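What follows is a single structure, written as C-alpha cells, with notes after it.
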Amino acid sequence: MELPWPHRRCIVCLRDDVPMTRAHLIPESLGGFVWSQTHCAACNNGLGTRVEAGVKHDPTIRYTIEHALAAELPELVKAFAEGQPYVIPSKQGPLAARYRDGAVELGTTKLDDGSLVQERDRAAQTIETMLERAGANAEERHAALERIAAAEAGEVVDLGRGLAIRHGTTEGGSITFDGQRVSDEFPLAIAFHLLAFFVGDLIYGAALEPLRATLRGDSPLDESEVVVESLIDRSTGYVPQHLLGLSRVEPHIVIRVQLFGPPVWHVHLLRVKAPKLEPIGMMLDVQTRDVYPAKPATAG
Ligand SMILES: [Zn+2]
C-alpha cells in the first residue's frame with residue numbers, strides 16, 4: 001500500500017537527481033506493507049543492510065515472530081526464520097544451527113579442544129574428505145565410514161590417521177537466542193520516515209540534518225538530538241499488528257513505534273518542535289494489510 005509523497009527528492013541524502021524507490025515504513029521481513037517513494041535506492045539499501053538487518057537477530061523480535069505469533073503469521077515466520085543462525089544447547093556447549101526448509105539443522109561448531117561438531121551425515125562427509133586428504137585409499141575410507149555407522153552413542157571411535165569420532169545428542173533441539181537488540185537507528189529510521197508524512201517538505205530542512213547524517217551512516221546517533229527509549233510493554237499481548245504514532249508534540253516530538261504488541265520504542269526527537277501538529281496514531285494490520293486510525297498512545 002503506497003503512501004503518496006509528492007516530492008521527488010530523497011529524504012535521507014536530499015538528492016533529487018536519482019530515481020526514488022519503494023521504501024517500506026516497517027520492513028517487509030516484519031510484515032510491513034506500507035511504502036512510499038521517499039528514499040533513493042542507495043539510501044534505502046543502506047538502511048536495509050546497515051540498520052534493518054539487525055532486527056533479524058533481535059531476541060525480542062525473534063521471540064515475537066517465531067514463537068508468540070507463529071500460529072497467526074505462518075508465512076512470515078517461515079520467511080523470517082529461513083537461513084537464520086540459531087544456537088542449540090548440548091553437553092558440549094552451544095552448537096551452531098540454521099533453519100532450512102522448515103527444520104532446524106546443525107551447522108559446524110568448533111569446540112575449545114579443536115574438535116568439530118556436525119550433523120551425522122555431514123560429519124561422515126567431512127571425515128571422508130579429511131581421510132582422503134591424509135592419503136587414505138577408498139578401502140580405508142569405506143572401513144572408517146562403516147565404523148562410524150556402527151558406533152554407539154557416547155563411544156569414541158578411532159578412525160586412524162589421527163581422527164576419532166563420537167556420536168552425541170542435542171538437548172531436545174530447543175533454540176536459544178543470543179542476538180543483540182537491534183540498534184537505535186532502527187526505530188529512528190521508522191520514526192524519521194513517518195515524520196515526513198506529518199511535516200511534509202519540512203523533512204528536507206537543515207534542522208533535521210543531524211538525523212539524516214545518522215541514517216546515512218555518516219555519524220553516530222547524537223544523544224543531544226535523539227533519545228530512544230526501548231521497552232517491553234507487558235500490559236499488552238502479542239498481536240499481528242504494528243502501531244505507529246506521533247504520541248507527543250511538546251516540548252519535543254515523540255514518535256512511538258510498537259511492533260506486534262510488547263516491543264515498543266519511544267523516539268524522542270529533542271530538537272524537533274511542531275506545536276501545530278496533533279498527536280495521531282495508526283494501526284497496521286499485518287494479516288489483513290489494512291491501516292486504521294488508532295488512539296495516539298502516550299509516551300512513557
Ligand atoms: Zn538518498
Side-chain angles (χ1 to χ4, degrees), residues 1-58 61 79-80 180-228 230 242 244-246 249 252-259 265-274 277 280 282 284 289 291:
M1 177 186 159
E2 182 174 10
L3 286 180
W5 182 250
H7 315 285
R8 285 277 165 265
R9 189 181 187 194
C10 176
I11 65 171
V12 178
C13 69
L14 305 186
R15 284 185 70 169
D16 60 4
D17 58 341
V18 286
M20 297 298 115
T21 191
R22 281 186 177 209
H24 280 78
L25 201 50
I26 290 169
E28 285 183 284
S29 62
L30 301 180
F33 58 92
V34 175
W35 52 273
S36 62
Q37 303 259 2
T38 36
H39 296 55
C40 72
C43 289
N44 198 37
N45 294 341
L47 284 168
T49 52
R50 234 186 35 256
V51 176
E52 287 173 19
V55 84
K56 292 198 105 180
H57 308 293
D58 185 304
I61 297 290
F80 191 86
Q180 290 190 337
R181 287 234 65 187
V182 67
S183 75
D184 288 347
E185 277 88 348
F186 172 71
L188 174 63
I190 296 173
F192 187 77
H193 193 166
L194 188 68
L195 183 67
F197 293 93
F198 296 134
V199 302
D201 62 0
L202 291 177
I203 200 73
Y204 300 116
L208 297 176
E209 183 51 27
L211 303 185
R212 287 193 293 268
T214 297
L215 295 175
R216 289 193 304 266
D218 292 345
S219 65
L221 195 140
D222 177 350
E223 293 224 330
S224 69
E225 299 281 345
V226 185
V227 169
V228 176
S230 161
H242 301 310
L244 296 175
L246 187 60
V249 294
H252 57 258
I253 279 185
V254 179
I255 289 176
R256 181 182 179 102
V257 176
Q258 181 165 11
L259 304 182
W265 291 268
H266 296 300
V267 182
H268 294 253
L269 305 176
L270 301 178
R271 297 187 197 265
V272 184
K273 294 174 204 308
L277 291 177
I280 184 172
M282 61 173 169
L284 286 67
R289 297 168 82 87
V291 177

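Residue numbers run from 1 in the order of the sequence given. What you see is a predicted model, and the numbers here were worked out from it, not measured in a lab. We count ligands from 1, going down the list as the structure has it; atoms in each ligand are counted the same way.
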| request: Determine which pairs satisfy ring pair (Phe, Tyr, Trp, His ring centres under 6.0 Å) with at least one residue from residues 2-21, sequence neighbours left out, and list them in order. | output: Trp5-His7, Trp5-Phe197, His7-Tyr204

| Val12 backbone acceptor or donor facing Arg216 side chain under 3.5 Å | yes

| request: Ignoring hydrogens and angles, tell me if any N or O in the side chain of Asp58 forms a donor-acceptor pair with the backbone of Val182 under 3.5 Å. | output: yes

| field | Partners passing side-chain hydrogen bond (donor to acceptor under 3.5 Å, both in side chains) against Asp16 (at least two apart in sequence or in another chain) | value | none

| remark: Across all chains, not counting sequence neighbours, the ring-ring contact (aromatic ring centres under 6.0 Å, His included) partners of Phe192 are none

| query | Closer than 2.8 Å to the Zn ion (ligand 1), which protein N, O or S atoms? | reply | Cys10 SG, Cys13 SG, Cys40 SG, Cys43 SG

| query | Val257 and Phe186: side chain to side chain contact (heavy atoms under 4.5 Å, CB included), yes or no, with the steps? | reply | CA-CA 10 Å; Val257 176; Phe186 172 71; 5.7 Å; no

